[in-house]
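Structure first, commentary second.
Numbers here simply count residues along the sequence, with the first being 1.
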Amino acid sequence: MLTRKQKHLLLKFFSMFSVIRGYNILVIVLAQYLASIYILAPDRPLREVVLDLNLFMLVLSSACTIAGGYIINNFYDSEKDLINRPNKSMLDRLVSQNTKLSFYFVLNFLAVVMASYVSFNTVIFFSSYIFGIWLYSHKLKRLPFIGNLTSAILTITPFFAIFIYYRNFETVIFFHAMFLFLIISMRELTKDLENIKGDLAQNYRTIPVVYGEHVSKAMLTSLALFTLIPTLLLIAYFDIGHMNYFFYLSTFLLLAFIILLWKSKTKLHYLILHNILKFIIVTGVFCIVLINVDVVLNRI
């Protein structure tokens, strides 16, 4: 049996894990490695990619920066989250704001230190990334369009770091990035619809607050249709192996998303739509291996 003190420490651990959304970070780390192996450096030996210390430092720097970003975002959104996510907010509050801010500065410091192992330019990159996340959390997320665009850009920035490291400028990478960017943009706007009550209460000028649900739904429909462009191009013109099945599934889910979107009226409805988009993103990460299922055997 755990003692009372041990239970308290365990609850604080889960609270901090919830604040930094550790499950999201684990998925991002996996996505960075799979993207490196299958998309960004497909011609390099598998062992060389996996054991690359520079890549490892880039991934760890990304993880620390993202974790810090979730902390500062939680700090600024604490009042809004009491309305939109009361249960999660109560768990998050088991750790004091001062402790969260201490972790925030430690994580950002570690991110810069690890980035310095790669190069000075990498330090500049991650320092700018850290500042961008703070600026978004403090100011930009309250603005329509700018907040959504900034959030989507910041989300894909860790992959941009790996892209720059490998200097692979093939067209197929551009279309993969376009697909991811559009799906993330849809997710951000869907989250705004889901959280409209808290945004109204805290004077956040999101797209649904400023322009209404109908305009937001029209924008989401347009984004979903635009997402079909890179999807169809990847299937028709590029060698993506069995990952084409993922894009077929995504096409079906996006069409279902559009139909459900126009029938949605409540927070629960928008939560379901949000989860559809999260499912596409997470499934896409694991389906990267379908580009070449024999890659592990052939490239060792």
Indicate if Leu26 and Val29 have the same hydrophobic cluster label, given that clusters are the connected sets of ILVMFWY residues with side-chain heavy-atom separations under 4.5 angstrom.
no
Exercise for the section: Begin from the C-alpha positions of Tyr204 and Asp192 and carry the test side-chain contact (heavy atoms from CB on, under 4.5 Å) through to its verdict. Expected result: CA-CA 10 Å; Tyr204 279 53; Asp192 287 342; over 6 Å; no
ask   = Are Asn24 and Tyr70 close enough that a side-chain donor and a side-chain acceptor fall under 3.5 Å?
value = yes
Whether the Thr99 and Ser102 side chains hold a donor-acceptor pair (N or O, under 3.5 Å, no angle test) is what I'd like checked.
no
Quiz item: Any side-chain heavy atom of Pro144 within less than 4.5 Å of one from Tyr211?
Solution: yes
How far apart are the C-alpha atoms of Tyr23 and Phe17, what are their side-chain angles, what is the distance that settles it, and do they pass the side-chain contact (heavy atoms from CB on, under 4.5 Å) test?
CA-CA 8 Å; Tyr23 42 86; Phe17 190 80; 3.9 Å; yes
- [ ] Decide yes or no for Thr206 and Val210: does some side-chain heavy atom of the first lie under 4.5 Å from some side-chain heavy atom of the second?
- [x] no
Do Ile183 and Arg187 make a side-chain contact, defined as non-hydrogen atoms from C-beta onward lying under 4.5 Å apart? no
* Under 6.0 Å between the ring centres of Phe246 and Phe286? -> no
* Just wondering, more than 12 heavy atoms not from Ile156 lying within 6.0 Å of its CD1? -> yes
| task | With side-chain contact (heavy atoms from CB on, under 4.5 Å) as the test, would you mind laying out the steps for Leu253 and Phe257 before giving the verdict? | result | CA-CA 6 Å; Leu253 290 175; Phe257 178 93; over 6 Å; no
Under 4.5 Å between side-chain heavy atoms, hopping through other hydrophobics if needed: is there a path connecting Phe279 to Ile258?
yes
Closest non-hydrogen contact found for Gln32 with Pro158 is NE2-O, 3.2 Å
Exercise. State whether the side chain of His274 and the backbone N or O of Tyr270 hold a donor-acceptor pair below 3.5 Å, judged by distance alone.
Key: no
Please determine whether side-chain contact (heavy atoms from CB on, under 4.5 Å) holds for the pair Asn73 and Tyr136, giving the CA-CA distance in whole Å, both sets of side-chain angles, and the decisive distance to 0.1 Å. CA-CA 8 Å; Asn73 195 57; Tyr136 164 77; 4.2 Å; yes
Just checking Phe145: does its CZ atom have more than 12 heavy atoms from other residues, nucleotides or ligands closer to it than 6.0 angstrom? yes
Between Ala115 and Ser61, the two heavy atoms sitting closest are N-OG, 3.3 Å
What orientation do Phe125 and Tyr129 show, parallel under 30°, tilted 30 to 60°, or perpendicular over 60°? tilted
>> What I'd like to find out is whether the side chain of Val59 reaches to under 4.5 Å of the side chain of Phe56, using heavy atoms alone.
In response: no
Taken to the nearest 0.5 Å, the spacing of Asn195 CG from Thr190 OG1 works out to 10.5 Å
More than 12 heavy atoms from other groups under 6.0 Å of CZ on Phe103: no
Original post:
Counting only N and O atoms by type, is there a donor-acceptor contact under 3.5 Å from the side chain of Asp52 to the main-chain atoms of Glu48?
Top reply: no
For residues Leu182 and Phe252: do they belong to one hydrophobic cluster (side chain heavy atoms under 4.5 Å, members Ile, Leu, Val, Met, Phe, Trp, Tyr)? yes
**Prompt:** Have Tyr104 and Asn74 got a donor and an acceptor in their side chains that come within less than 3.5 Å?
**Reply:** no
Taken to the nearest 0.5 Å, the spacing of Leu277 CG from Thr227 OG1 works out to 9.0 Å
Inset, instruction - Kindly indicate whether the side chain of Ser116, heavy atoms from C-beta on, has any atom under 4.5 Å from the side chain of Val123. - result: yes
- Message: Can you confirm whether Phe226 is buried at CZ, in the sense that more than 12 heavy atoms of other residues, nucleotides or ligands lie under 6.0 Å from that atom?
- Response: no
Correct closest heavy-atom pair for Ile25 and Ala67 would be CD1-CB, 3.5 Å
* Should the heavy atoms of other residues, nucleotides or ligands under 6.0 Å from CZ of Arg205 be counted, would the total exceed 12? -> no
Give the ring-plane orientation class for Trp262 versus His214, where under 30° counts as parallel, over 60° as perpendicular and anything between as tilted.
-> perpendicular
- [ ] Mark yes when over 12 heavy atoms from residues, nucleotides or ligands other than Lys197 sit less than 6.0 Å from its NZ; otherwise mark no.
- [x] no
On a heavy-atom basis, the closest approach of Ile71 and Lys100 is CG2-O, 3.2 Å
Interatomic distance, CD1@Ile146 vs NZ@Lys139, rounded to 0.5 Å, equals 11.5 Å
Separation between CG (Asn168) and CZ (Arg44), nearest 0.5 Å, reads 9.0 Å
Side-chain H-bond candidate by donor/acceptor type, Thr65 with Ser62, under 3.5 Å
no
So with a 6.0 Å cut-off around OH of Tyr76, is the heavy-atom count from everything else above 12?
yes
Notebook entry, point to check: Run the side-chain hydrogen bond (donor to acceptor under 3.5 Å, both in side chains) check on Asn148 and Lys141 step by step: do they pass?
Noted result: CA-CA 7 Å; Asn148 297 76; Lys141 74 179 303 177; over 6 Å; no
Less than 4.0 Å between a side-chain N and a carboxylate O, is that true for Glu188 and Lys191? yes
dist Thr221:OG1 -> Leu254:CG (nearest 0.5 Å) comes out at 11.0 Å
Notebook entry, point to check: Is the backbone N or O of Phe181 less than 3.5 Å from a side-chain atom of Ser185, with the two atoms forming a donor-acceptor pair by type?
Noted result: yes
- Message: Contact between Leu55 and Val50 at the side-chain level, heavy atoms closer than 4.5 Å - yes or no?
- Response: no
Are Leu107 and Val113 connected in the hydrophobic side-chain network, where two residues link if heavy atoms are under 4.5 Å apart? no
If you define the side chain from C-beta out and look only at heavy atoms, does anything of Met243 sit under 4.5 Å from Val289? no
For Leu154 and Gly132 the tightest heavy-atom approach is CD1-O, 3.8 Å
Heavy-atom closest pair (Thr122 atom, Val118 atom, distance to 0.1 Å) is OG1-CG1, 3.4 Å
Rounding to 0.5 Å, atoms CG (Leu228) and OG (Ser250) come to a distance of 9.5 Å
**OP:** Using a 4.5 Å cut-off on heavy atoms from C-beta on, say whether the side chain of Phe238 contacts that of Thr171.
**Re:** yes
Subject >> Verify same cluster id: Ile196, Leu273 (apolar side-chain graph, 4.5 Å) >> reply: no
Evaluate the criterion ring pair (Phe, Tyr, Trp, His ring centres under 6.0 Å) for residue pair Phe247 and Phe179; output intermediate values, then yes/no.
CA-CA 10 Å; Phe247 287 110; Phe179 174 84; 5.1 Å; yes
